[in-house]
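Have a look at the structure below, then the notes.
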Amino acid sequence: MHDHNTLADNLPKTNDSDQSGSNSVVRVRVFRKSDSEGVRRLFKTCLLTGEGAPPRAHLAATIKSPSFLCALTIFIMSVMITAATVFNSEPASHILLSGRSSAAKIRLVMVISIALLALWYLCYSIYSAVGFYLQFVSTCLRTDLMDIQGHYNLHQVKSSSDKILEDSTDPELRPMGIKAFWVAETVSPVTKKTEIVGCISLGDPPPPPFTSEPGVRVAELCRMVISPHHRRQGIAGALMQACEAHAMANEHKLSAIVLRTTFYQPHARKLYAKLGYRIVLETNVRFGNADVPVFLYRKDLMGHKNKQHF
Ligand SMILES: CC(C)(COP(=O)(O)OP(=O)(O)OC[C@H]1O[C@@H](n2cnc3c(N)ncnc32)[C@H](O)[C@@H]1OP(=O)(O)O)[C@@H](O)C(=O)NCCC(=O)NCCS
């Protein structure tokens with residue numbers, strides 16, 4: 001079996017330095033139980049709030065869109081008209097409650113209704129821009145990331161005599177099938193302090209409409225995230241290398257790896273294109289009033305080439 005627990009050959013040292021000034025070393029290895037919290041925290045940061053998180057890009061595009069700017073202008077104007085009525089002439093409550101000036105009453109009710117409608121549209125657009133990713137992250141945290149060892153079928157490493165090698169509470173694990181989960185961790189050369197800075201997994205093939213043709217052995221690469229403080233150091237590339245080596249190992253011999261990403265993850269798309277993944281399907285996933293463009297990428301392994309992929 002391919003050794004998943006060694007340092008990746010060409011991994012860089014990070015820019016982090018400890019008190020002695022030495023740079024931390026990056027290590028790619030199979031997930032262990034003690035990584036669970038670190039992985040979950042990292043996943044939430046990278047996909048929801050951290051630099052380069054897709055909801056941030058989607059939100060930025062949404063608030064620059066003509067419909068959002070139009071609704072914002074209408075909202076501001078309606079609030080200004082209401083405020084002018086309230087402060088410059090009679091109080092709104094007085095106009096609404098007094099028996100006189102029904103034209104002024106109708107005008108004020110209409111302006112307030114327009115303001116509320118515009119506000120509802122603005123809030124709904126913001127919710128739609130981030131909701132897709134919120135739902136995705138929450139599903140991941142409730143499913144595979146809740147029990148990584150169980151979901152990815154990782155077993156404790158055993159010796160040839162079938163005895164468990166390590167009698168520790170946090171033993172080394174090994175994937176028993178094609179599914180697997182790796183982490184990248186930094187290790188300080190002096191203090192030996194470790195930190196999970198990236199992860200990746202290989203799982204079942206994706207569901208329709210992303211499914212592959214029958215009879216072709218395909219797995220999906222998922223959960224690819226790198227800490228915002230450790231980017232552009234080749235760590236994602238090293239994790240993908242570990243994943244591909246596992247997929248190509250003799251006991252698996254997958255024909256291809258597929259993965260999904262969105263329009264709002266431009267760095268990931270550059271990474272996948274650089275590593276030889278090609279878009280084979282584009283589709284829009286509707287969430288609220290937003291369309292999220294989703295791309296299916298594919299890379300054929302070991303000379304497996306299928307002209308009609310999907
Ligand atoms: C996408 C992501 C995983 C890349 O991680 P990384 O460790 O910085 O990537 P690497 O250093 O291995 O970069 C490899 C190549 O990817 C491309 N790339 C990565 N980040 C890039 C960026 N910010 N701008 C342009 N190209 C970038 C480049 O081609 C790069 O090669 P180069 O450095 O020789 O130019 C990381 O930015 C991330 O976690 N983003 C947020 C979460 C996310 O979108 N995950 C993908 C889920 S599908």
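The model shown is predicted, which means the values in this text are computed figures rather than measured ones. One-based numbering, in listed order, for ligands and for the atoms of each.
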Closest to atom 36 (C) of ligand 1 among Arg231, Gln233, Arg56 (heavy-atom distance): Arg231
Is Asp170 reaching over with its side chain to a backbone N or O of Ser34, donor-acceptor style, under 3.5 angstrom? yes
So, is Ile226 polar-close to ligand 1, with some N/O to N/O distance under 3.5 Å? yes
Residue, atom name and distance, where the atom is the protein heavy atom closest to atom 9 (O) of ligand 1: Ala236 CB, 3.4 Å
Among non-hydrogen protein atoms, atom 14 (C) of ligand 1 lies closest to Leu271 CD1, 3.4 Å
Any nitrogen or oxygen of Cys46, main chain or side chain, under 3.5 Å from a nitrogen or oxygen of ligand 1? no
Return the residue, atom name and 0.1 Å-rounded distance of the protein heavy atom closest to atom 34 (O) of ligand 1. Lys274 NZ, 2.8 Å
For atom 11 (O) of ligand 1, what is the nearest protein heavy atom, given as residue, atom name and distance? Gly234 N, 2.8 Å
Compute the minimum heavy-atom distance from Pro54 to ligand 1 and say whether it is under 4.0 Å. no
Phe68 and Tyr121: aromatic ring centres closer than 6.0 Å? no
Which residue and atom name correspond to the protein heavy atom nearest atom 35 (O) of ligand 1, and how close is it? Arg232 NH2, 2.8 Å
Verify, without hydrogens or angle tests, whether Arg269 (side chain) and Thr261 (backbone) share a donor-acceptor contact under 3.5 angstrom. no
Residue and atom name of the nearest protein heavy atom (relative to atom 42 (C) of ligand 1), distance in Å to one decimal: Leu47 CD2, 3.8 Å
